[in-house]
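Chain A is the first sequence line, chain B the second, and so forth, proteins listed ahead of strands; every chain is numbered from 1.
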Amino acid sequence: MDDLPEWAIDDAEIAGERWLLRRVPQNRVQDGIPEKSNFREDEAGHGLSVTVWDSPQDLEDVRRDHESFAVICVPASAFRAEIDTVIARAPLEGNANHCEVFPHYGQGAQKRLRKTFRWVHRPAWLPDDPEAELFDPHAPAVESTEPPEASI
Amino acid sequence: MASNAKLSEDWSAAPEAPPLAYLQTNNILRSALPTTPSRNFRALVTEEGEFMGVRFTWQRVDGAQFPQPISDAFSQLATFAGLPRNWDSYGGGPLKQSAVATVIELIFAGHRQCAMPHLHPLSRGGVALTWQREGRELEVQVAGDGTLDALFDDETTGEEIEIPKKSTLDDVKPLLSKFFG
C-alpha cells in the first residue's frame, strides 16, 4: 500500500460491531443523506479520521467545538470488509480514541461504507425525517412495557 | 495565477429548441458527447470569460445571454473557493485553482446535455459533481490536483463502473458518454 505511513499500525481489535464516529458538515449532505465523499481522504500520509465509540465520552469528544456538525457512525466491520484496510490509533488531545483509516478509498468503497451509516446526532439544519432514528449502542436497553404473558 | 487551460463553448438560443438544449459544441469533449448541429445565418460574437484564472470563450449567438445555470454553478464554486480553513473540521481547505479547469469542463459537458450536476466540495480543494437520471447516477470527484475518479451506478440493472483515483478526463469520457448517451 503506497499511502501508508510508517506510524500507522493496524489495531486489529477495532473490528466487528465496534462503531466509528465521524462528523458531517452541512454542505456534504444531499436530500438528507450524507454524501459518500464524507469517506474520502486525499492527504498524503493521513488516513480518514474517525473516533472509536467505546463510551459516551467519545461522542462528547467528537462534538466538542463542532456542535453544528451532524455525526454519523459506521461499524468497524464495514471498513474491514474493504481490501487492505488499516485502522491505526492516532490519539489527539481531547479525543483519545481518534484513529486514521487507510488506504484512501475510491468511490466504490465510499458508497459501500455509506450504506452502513447510522445517524448519531442530527442538527436542526437537517430536514425532518421520521425514519432517521438516532443510534446509540451505549444507551440502556429499553424494557418492554408489554405485560408478561400469563402462564397457564 | 492564470491557468493555461482554455475552454471553448458555442451556443445559441434557438427559439424552437427545448430549454437549455442550445449548447452546440465543446472543442475538448466533442468526441465524447453528442452535439446538436449549428444553424446557419446567425449573428455570432465571440466573447471571453474567466473564472479563478481559467479562461474560456463562447459564441454569443443572436444576443443570447450567458446560461443562468452555468452562472449559478460558478457562484457555487466561488462559495467553495471562499470556504475557511478546516471548514469540514478535518483540516479541509478551499477550492484549489488546479481543479477548476476540469470542473468547468464537466459543468459545460453536463449543461449541453440539459443536466446540471449537483456540486459539493471535497476536503482537499476538490469538487464532486453528481448527475442523476432515471435510476442512474454518475458522480465525478475532481481532486484538488485536478485528477479525477468516477462511479457510474445504474439501480435498475445493478451495473456499476468505477474509474479509480488519479485518472484523467479522457479516462472518464466513456462514462460521460454512457450516462448521457
Tell me, for [X] versus chain A, whether the close heavy atoms (under 4.5 Å) come from the side chain, the backbone, both or neither.
X	result
B/Ile163	neither
B/Pro164	neither
B/Ala128	neither
B/Gln76	neither
B/Glu160	side chain
B/Asp153	side chain

(request) Mark yes or no for whether A/Trp125, through its side chain, and A/Ser68, through its backbone, hold a donor-acceptor pair below 3.5 Å. (result)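 Side chain of A/Trp125 to backbone of A/Ser68: a pair is present.
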(message) Are the side chains of A/Leu21 and A/Asn97 in contact, using a 4.5 Å heavy-atom criterion?
(response) no
(message) Counting C-beta onward and ignoring hydrogens, is there a side-chain heavy-atom pair between A/Asn38 and A/Arg114 closer than 4.5 Å?
(response)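 Not touching, per the 4.5 Å side-chain cut-off.
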(message) Taking the six-membered ring for Trp, are B/Phe108 and B/Phe56 closer than 6.0 Å centroid to centroid?
(response)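 Ring centres of B/Phe56 and B/Phe108 closer than 6.0 Å.
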(message) Looking at A/Arg40 and A/Asp42, is there a salt bridge between them, counting it only when a charged N and a carboxylate O are closer than 4.0 Å?
(response) yes
(request) Output yes when B/Lys166 and B/Asp145 qualify as a salt bridge under the 4.0 Å nitrogen-oxygen rule, no when they do not. (result) yes
(message) For the interface with chain A, which of B/Ala150, B/Gly125, B/Pro121 has the highest count of heavy-atom pairs at distances below 4.5 Å?
(response) B/Pro121
(message) Pair A/Ile72, A/Phe39 - check side-chain contact (heavy atoms from CB on, under 4.5 Å), show working.
(response) CA-CA 11 Å; A/Ile72 59 174; A/Phe39 300 102; 3.8 Å; yes
(request) Give a yes/no verdict on a cation-pi contact between A/Arg22 and B/Tyr90, requiring under 6.0 Å between NZ or CZ and the six-membered ring centre and an angle within 45° of the axis. (result) yes
(request) Please determine if A/Arg63 forms a cation-pi arrangement with A/Phe69, meaning its NZ or CZ atom is less than 6.0 Å from the six-membered ring centre and no more than 45° off the ring axis. (result) no
(message) Please check if the number of heavy atoms outside A/Glu13 that lie under 6.0 Å from its CD is greater than 12.
(response)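 No - once you tally the heavy atoms of other residues, nucleotides and ligands closer than 6.0 Å, there are 12 at most.
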(request) Answer with side chain, backbone, both or neither: which region of A/Glu41 has an atom nearer than 4.5 Å to a non-hydrogen atom of chain B? (result)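 Both parts, backbone and side chain.
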(message) At under 4.5 Å between heavy atoms, what parts of residues 29-36 of chain A are in contact with chain B? List them by residue number.
(response)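 Interface residues of residues 29-36 of chain A: A/Gln30, A/Glu35, A/Lys36.
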